[in-house]
Amino acid sequence: QIPDVITEDAGIGVHIGGFGEGVQAALGEQFNSQRHIPRFRLRLAEQFGVEVDCNVEFSFDSFVEVVDALGGVEIDLTGEEAAFLNGQPQLRGNLTEGSNLLNGETALAYARTRHSSATDSDFSRTGRQRNLISAVFQKCRGMGALELGKLAEQLLPLIRTDMTKGQMVSIAVKLLPVLRSLELKSKQIPAPGTYENARVEIGGVGAAVLIPDMEENRRILTEICEGN
């Protein structure tokens with residue numbers, strides 16, 4: 001089965017903890033995995049009909065280490081993206097339009113970018129995040145079993161997960177023989193044409209959110225999860 005990379009826009013309206021808020025507001029600056037992840041998984045099940053089997057988390061710092069451990073990832077940049085990233089003093093980059101090998105710090109900046117042009121947006125940013133996930137997958141797909149084993153030893157201390165060691169071993173055993181034949185499909189939720197923009201108040205502060213057609217997005221997600 002072809003795995004899917006699905007991202008939810010940060011401004012999508014969800015209900016967490018009994019009140020409406022955006023995903024980013026719900027899981028943002030004061031993120032606490034033990035408190036927020038179970039609630040978030042519950043809301044995904046209630047509102048989108050998606051049951052999350054397991055969870056893997058890593059911080060921004062860990063993300064940088066993951067990319068660097070892979071020796072960087074190849075990403076195609078637009079001229080505007082390259083110019084924007086080159087303008088970040090902490091990166092000291094010399095990026096160009098087209099394919100670039102990004103190290104961890106630059107990959108993180110790319111993943112967080114949403115102001116590289118006048119038409120940039122949260123949807124552009126989540127698209128970049130899917131691009132990076134796909135690039136990491138492609139890098140891993142070209143590795144042998146020994147390389148992947150060494151990489152796992154290096155990276156496992158950087159993540160938090162609710163999977164047991166037995167579950168992780170079981171997944172690895174099933175995945176390794178077919179890894180090279182797998183491809184990723186990229187999806188966005190809410191899907192284009194299935195939401196409206198709205199202004200709401202969160203804690204007395206105005207915020208821009210997306211109000212999705214829940215029934216249609218549930219249908220789309222069900223098709224994705226069933227491999228259709």
Side-chain angles (χ1 to χ4, degrees), residues 3-10 16 23-41 44 50-75 77 85 88 90-93 95 100-114 122 125-180 182-184 186-187:
D4 297 280
V5 179
I6 305 167
T7 56
E8 283 192 356
D9 188 83
I16 296 179
V23 169
Q24 183 168 307
L27 300 178
E29 297 296 331
Q30 303 301 319
F31 177 74
N32 179 300
S33 60
Q34 291 183 334
R35 183 160 55 94
H36 286 106
I37 285 296
R39 289 160 58 188
F40 190 54
R41 289 170 65 168
L44 281 175
V50 174
E51 297 286 345
V52 178
D53 297 314
C54 53
N55 180 65
V56 177
E57 309 157 38
F58 52 89
S59 67
F60 285 158
D61 289 340
S62 296
F63 174 82
V64 170
E65 291 190 52
V66 168
V67 174
D68 286 341
L70 289 168
V73 290
E74 291 283 346
I75 294 291
L77 299 178
L85 292 171
Q88 307 305 303
Q90 75 277 15
L91 299 179
R92 300 185 298 278
L95 305 170
N100 292 263
L101 180 66
L102 306 189
N103 63 17
E105 288 287 353
T106 306
L108 178 60
Y110 169 79
R112 302 185 70 186
T113 296
R114 60 171 177 168
D122 271 333
R125 177 168 59 178
T126 57
R128 294 184 182 104
Q129 292 164 3
R130 294 194 300 275
N131 289 343
L132 274 171
I133 292 171
S134 296
V136 168
F137 175 78
Q138 292 298 333
K139 203 71 178 280
C140 291
R141 192 169 69 163
M143 293 180 171
L146 290 178
E147 287 180 293
L148 287 169
K150 291 179 180 178
L151 182 65
E153 288 181 6
Q154 186 176 354
L155 299 185
L156 282 176
L158 303 177
I159 68 172
R160 297 180 62 176
T161 181
D162 52 8
M163 286 187 286
T164 65
K165 289 184 179 180
Q167 287 174 314
M168 288 189 283
V169 170
S170 176
I171 291 173
V173 168
K174 293 176 182 177
L175 187 61
L176 279 175
V178 297
L179 184 60
R180 291 179 182 273
L182 292 179
E183 295 182 1
L184 291 184
S186 178
K187 308 288 182 181

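Closest approach of Tyr110 and Leu85 over heavy atoms only: N-CD2, 3.9 Å. Pairing each heavy atom of Glu74 with each of Ala135, the nearest pair is O-CB, 3.7 Å. Heavy atoms only, all atoms of each residue included: Leu132 and Val73 are closest at CD2-CG2, 3.8 Å. Nearest approach of Gly104 to Asp68, heavy atoms of both residues: N-OD1, 2.7 Å. When all heavy atoms are compared, the tightest approach of Leu95 to Thr106 is CD1-CG2, 3.9 Å. Taking both residues in full, the closest heavy atoms of Gln167 and Met163 are given as OE1-CA, 3.2 Å, listed atom of the first, atom of the second, then distance.
A heavy-atom distance below 4.5 Å is not found between the side chains of Leu158 and Phe58. The closest side-chain heavy-atom distance from Leu70 to Cys140 is below 4.5 Å. Under the 4.5 Å side-chain criterion, counting only non-hydrogen atoms from C-beta, Glu183 is in contact with Arg141. Under the 4.5 Å side-chain criterion, counting only non-hydrogen atoms from C-beta, Thr161 is in contact with Val56.
The CD atom of Gln129 sits 10.0 Å away from atom OG1 of Thr113, with the distance rounded to the nearest 0.5 Å. Atoms CD and CG, from Glu65 and Leu155 in turn, are 8.5 Å apart once rounded to the nearest 0.5 Å.
No side-chain donor from either of Asn131 and Ser134 sits under 3.5 Å from a side-chain acceptor of the other.
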Acceptor/donor pairs from residues 168-180 side chains to any protein atom, 3.5 angstrom cut, sequence neighbours excluded:
none

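A donor-acceptor contact shorter than 3.5 Å links the side chain of Arg41 to the backbone of Val52. Between the side chain of Asn55 and the main chain of Asp162, no donor-acceptor pair closer than 3.5 Å is present.
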> Could you walk me through whether Leu151 and Glu147 pass the side chain to side chain contact (heavy atoms under 4.5 Å, CB included) check?
Replying inline: CA-CA 6 Å; Leu151 182 65; Glu147 287 180 293; over 6 Å; no
